[in-house]
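Owing to the predicted nature of the structure, the values given are computational and were not obtained by experimental measurement.
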Amino acid sequence: MRIGILGSGLMGAKLGTLFARAGHEVVFSYARGEQNLKKLARDAKGKAQASTPGDAARDADALLLAVHWSRVDDVLRQAGDVSGKVIVSCSLPMNADNTGLVIAHTSSGAEALAKKVPKAQVVSAFNTVPSEVLFGVFEARRKASRPSLVYCGDDASSKKIAAELIRDVGFDPWTLDPYGSPLHGAVRAARRRACVRG
């Protein structure tokens with residue numbers, strides 16, 4: 001699978017690296033400097049390269065959106081037409097100083113993203129785990145017992161792609177009902193409470 005990484009910071013860099021090591025073709029984009037992207041591609045090994053968001057999106061089978069919420073519009077603009085693309089988003093709708101959610105009480109980041117890119121298929125995943133655990137989970141992926149990872153989306157075929165990527169990293173995918181369902185709303189409320197407590 002060819003995966004475009006839109007946002008090569010902590011989450012994007014680590015997930016992109018693990019996707020490459022799992023055998024996928026990965027295109028890293030949108031980082032602070034071209035040299036950072038090139039180093040990421042070298043260190044990831046496998047079939048990894050560095051390019052622009054437009055190149056990352058052009059021939060991708062899936063896109064990983066891994067930017068701060070304040071940069072979502074900019075990276076999508078640079079990516080260009082994402083019609084028909086599967087966008088796996090780990091971006092949480094946090095405010096500028098990361099002290100609270102800007103969307104949560106009546107909607108979710110994934111729902112807001114889906115409205116921004118109505119011709120793409122959005123799946124929310126990898127946003128319930130810190131980047132620090134990813135390499136350890138990947139290294140233990142052949143063990144019989146795997147940690148679960150929640151994901152959510154409206155389109156069955158897109159969710160299948162997301163589930164494959166989740167398994168490749170070393171998690172056991174656990175799907176929620178589509179956006180707007182009672183279960184999705186309950187999870188959204190739980191995340192909001194956790195954010196307030198934290």
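Judged as a side-chain contact (heavy atoms from CB on, under 4.5 Å), and not counting sequence neighbours, the contacts of Ser158 are Val86, Gln121, Val123, Asp155. For Asp97, the side-chain contact (heavy atoms from CB on, under 4.5 Å) criterion is met by Asn95, Thr99, not counting sequence neighbours. For Ala140, the side-chain contact (heavy atoms from CB on, under 4.5 Å) partners at least two apart in sequence or on another chain are Lys143. Contacts of Asp73 classified as side-chain contact (heavy atoms from CB on, under 4.5 Å), with partners at least two apart in sequence or in another chain: Lys116. In this structure Ser70 satisfies the side chain to side chain donor-acceptor pair (under 3.5 Å) test together with His68, sequence neighbours excluded. Under the side chain to side chain donor-acceptor pair (under 3.5 Å) criterion, Glu25 pairs with Arg2, not counting sequence neighbours.
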Subject >> Working for side chain to side chain contact (heavy atoms under 4.5 Å, CB included), residues Val72 and Val67 >> reply: CA-CA 6 Å; Val72 167; Val67 296; 3.9 Å; yes

Original post:
After noting the C-alpha distance and the side-chain angles of Lys119 and Val82, does the key distance pass the side chain to side chain contact (heavy atoms under 4.5 Å, CB included) rule?
Top reply: CA-CA 7 Å; Lys119 294 183 179 178; Val82 293; over 6 Å; no

**OP:** Evaluate the side chain to side chain contact (heavy atoms under 4.5 Å, CB included) criterion for residues Trp174 and Leu149: first the C-alpha distance (whole Å), next the side-chain angles of each, then the deciding distance (0.1 Å), finally the verdict.
**Re:** CA-CA 6 Å; Trp174 192 71; Leu149 190 135; over 6 Å; no

Original post:
Does the side chain to side chain contact (heavy atoms under 4.5 Å, CB included) test come out yes or no for Tyr151 and Lys159, once each step is laid out?
Top reply: CA-CA 8 Å; Tyr151 69 111; Lys159 288 172 72 176; 3.8 Å; yes

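In terms of hydrophobic clustering, with Ile, Leu, Val, Met, Phe, Trp and Tyr side chains grouped at heavy-atom distances under 4.5 Å, Val133 and Phe138 are assigned to a common cluster. Residue Leu113 is grouped with residue Val102 when hydrophobic side chains (ILVMFWY) are merged at heavy-atom distances under 4.5 angstrom, including chains of intermediate members. No chain of hydrophobic side-chain contacts below 4.5 Å, direct or via other Ile, Leu, Val, Met, Phe, Trp or Tyr residues, connects Val27 to Met1. Put simply, Leu134 and Ile3 are part of the same group of oily side chains (I, L, V, M, F, W, Y) that touch within less than 4.5 Å, one to the next.
Residue pairs satisfying the side chain to side chain donor-acceptor pair (under 3.5 Å) criterion with at least one member in residues 8-17, sequence neighbours excluded, are absent. Contacts classified as salt bridge (Lys or Arg N to Asp or Glu O under 4.0 Å) and involving residues 98-109 (residues at least two apart or in different chains) are not found. Annotation: side chain to side chain donor-acceptor pair (under 3.5 Å) contacts involving residues 74-89, sequence neighbours excluded, comprise Tyr30-Asp74, Asp74-Arg77, Asp74-Gln78, Asp81-Ser83. For residues 160-171, the set of pairs meeting the side chain to side chain donor-acceptor pair (under 3.5 Å) definition, not counting sequence neighbours, comprises His24-Asp168. Annotation: salt bridge (Lys or Arg N to Asp or Glu O under 4.0 Å) contacts involving residues 57-68, sequence neighbours excluded, comprise Asp55-Arg58.
Rounding to the nearest 0.5 angstrom, the gap separating the CD1 atom in Ile5 from the CG atom in Leu64 is 4.5 Å. Atom OG of Ser29 sits about 4.5 Å away from atom CG of Leu6, to the nearest 0.5 Å. Note that CZ of Phe126 is 13.0 Å distant from OG of Ser91, once rounded to the nearest 0.5 Å. Atom CE of Met94 and atom CG of Asn98 lie 5.0 Å apart (nearest 0.5 Å). Interatomic distance, CZ of Arg141 versus CZ of Arg21, reported as 10.0 Å (0.5 Å rounding). From Glu132, atom CD reaches atom CG of Leu10 across 7.0 Å, with rounding to the nearest 0.5 Å.
Pro130 approaches Met11 most closely through the heavy-atom pair C-SD, 4.4 Å. Between Ala20 and Val26, the shortest heavy-atom contact is N-CG2, 3.6 Å. Listed here is the closest heavy atom pair of Thr128 and Val150: OG1-N, 4.5 Å. In terms of heavy-atom proximity, Cys90 sits nearest to Asn127 at O-CB, 3.4 Å. In terms of heavy-atom proximity, Ala112 sits nearest to Trp69 at CB-CZ2, 4.0 Å. Looking at every heavy atom in both residues, Ala110 comes nearest to Ser124 through CB-CB, 3.8 Å.
Looking at heavy atoms from C-beta onward, Val88 lies out of side-chain contact with Leu65 at the 4.5 angstrom threshold. Phe19 is listed as a side-chain neighbour of Val169, based on a closest heavy-atom distance under 4.5 Å.
A donor-acceptor distance shorter than 3.5 angstrom exists from the side chain of Glu111 to the backbone of Ser108, with no hydrogens or angles considered.
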Please table the atom pairs, donor to acceptor, closer than 3.5 Å between any side-chain atom in residues 38-46 and protein atoms at least two apart or in another chain.
residue: Lys38; atom: NZ; partner: Glu34; partner atom: OE2; Å: 3.1
residue: Lys39; atom: NZ; partner: Asp43; partner atom: OD2; Å: 2.6

